[in-house]
Amino acid sequence: MALPADDDVYQRIYAMIDSIPRGRVASYGQIAAQAGLPRRARLVGRALRELPPGSRLPWHRVVNAAGKISARAGGGEREQGRRLRAEGVRIAKGGRIDLERFGWKPAW
DNA sequence: CGGTTGACTGTTT
DNA sequence: TAAACAGCCAACC
């Protein structure tokens, strides 16, 4: 069997993000691991970075392991926070999200 | 082929 | 609690 092509890898990442329930968040590393790509958190970030504006994907539900919105070139952190709040995710004063409460737990 | 870069993460200060 | 460090790995040049 041939190993998965790069395109398939990206598709898996996008598929995982697409399955994050509304009102929940997942970390880059978590998405990577669930997509069968351990230690590839940065690859997830890269995939999101290449996402076209206006995409239907719930990209805003991906945050870092600290429960905070990651900085990026080109801005967009502000809108991410707005979208999360809009679906009920509480963002604490320090910009942190309680992963115990809002983190996505696929096993459930 | 080798150095740099970065939407990351876990450990140590 | 936050910042600094070190490890990580694929894309880029």
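Hydrogens, waters and symmetry mates are skipped; everything else that's a heavy atom, side chains included, is used. In what follows, chains are A, B, ... by sequence order, proteins preceding strands, each numbered from 1.
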Could you write out each protein N or O paired with an N or O of nucleotides 4-6 of chain C at a distance under 3.5 Å?
none

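Within the model, atoms CZ of A/Arg24 and CD1 of A/Ile97 stand 12.5 Å from one another, a figure rounded to the nearest 0.5 Å.
A nucleotide of DNA chain B counts as in contact with chain A when one of its atoms lies under 4.0 Å from a heavy atom; the first and last such, 5' to 3', are B/dG6 to B/dG10.
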For residues 62-77 of chain A, dump all side-chain donor-acceptor pairs below 3.5 Å to protein atoms at least two apart in sequence or in another chain.
unit_1: A/Asn64; atom_1: OD1; unit_2: A/Ala66; atom_2: N; d: 3.0
unit_1: A/Asn64; atom_1: OD1; unit_2: A/Gly67; atom_2: N; d: 3.3
unit_1: A/Asn64; atom_1: OD1; unit_2: A/Lys68; atom_2: N; d: 3.0
unit_1: A/Asn64; atom_1: ND2; unit_2: A/Lys68; atom_2: O; d: 3.2
unit_1: A/Asn64; atom_1: ND2; unit_2: A/Ser70; atom_2: OG; d: 3.2
unit_1: A/Arg72; atom_1: NE; unit_2: A/Ser70; atom_2: O; d: 3.2
unit_1: A/Arg72; atom_1: NH1; unit_2: A/Gln80; atom_2: OE1; d: 3.3
unit_1: A/Arg72; atom_1: NH2; unit_2: A/Ser70; atom_2: O; d: 2.8
unit_1: A/Arg72; atom_1: NH2; unit_2: A/Gln80; atom_2: OE1; d: 2.6
unit_1: A/Glu77; atom_1: OE2; unit_2: A/Arg72; atom_2: N; d: 3.3

Under 3.5 Å, sequence neighbours excluded: what are the donor-acceptor pairs made by side chains of residues 13-23 of chain A?
unit_1: A/Tyr14; atom_1: OH; unit_2: A/Ala47; atom_2: O; d: 2.9
unit_1: A/Asp18; atom_1: OD1; unit_2: A/Arg56; atom_2: NH1; d: 3.2
unit_1: A/Ser19; atom_1: OG; unit_2: A/Ala15; atom_2: O; d: 3.4
unit_1: A/Ser19; atom_1: OG; unit_2: A/Met16; atom_2: O; d: 2.7

Side-chain donor-acceptor pairs of residues 27-34 of chain A under 3.5 Å, sequence neighbours excluded:
unit_1: A/Ser27; atom_1: OG; unit_2: A/Gln30; atom_2: N; d: 3.0
unit_1: A/Gln30; atom_1: OE1; unit_2: A/Ser27; atom_2: N; d: 3.4
unit_1: A/Gln30; atom_1: NE2; unit_2: A/Trp104; atom_2: O; d: 2.8

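Taking the side chain to side chain contact (heavy atoms under 4.5 Å, CB included) definition, one finds that A/Arg83 meets it with A/Trp59, A/His60, A/Glu79, sequence neighbours left out. Annotation: side-chain hydrogen bond (donor to acceptor under 3.5 Å, both in side chains) contacts of A/Arg61 (sequence neighbours excluded): A/Glu87. Partners of A/Arg46 by side chain to side chain contact (heavy atoms under 4.5 Å, CB included), not counting sequence neighbours, listed by chain and number: A/Tyr10, A/Leu43, A/Arg49, A/Glu50.
Rounded to an integer number of Å, the gap from A/Tyr10 OH to C/dA10 P is 11 Å.
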- request: Might you work through the side chain to side chain contact (heavy atoms under 4.5 Å, CB included) test for A/Asp98 and A/Arg90, ending with a clear yes or no?
  value: CA-CA 8 Å; A/Asp98 184 353; A/Arg90 175 163 182 273; over 6 Å; no
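Of the residues in residues 28-44 of chain A, those with a non-hydrogen atom less than 4.0 angstrom from any atom of DNA chain B are A/Tyr28, A/Gly29, A/Ala41, A/Arg42. Looking at residues 82-93 of chain A, you'll see that no heavy atom sits under 4.0 Å from any atom of DNA chain B. Applying a 4.0 Å cut-off to non-hydrogen atoms, the residues of residues 53-63 of chain A that approach DNA chain B are A/Trp59, listed by residue number.
One hydrophobic cluster, built from ILVMFWY side chains closer than 4.5 Å, holds both A/Leu99 and A/Leu84.
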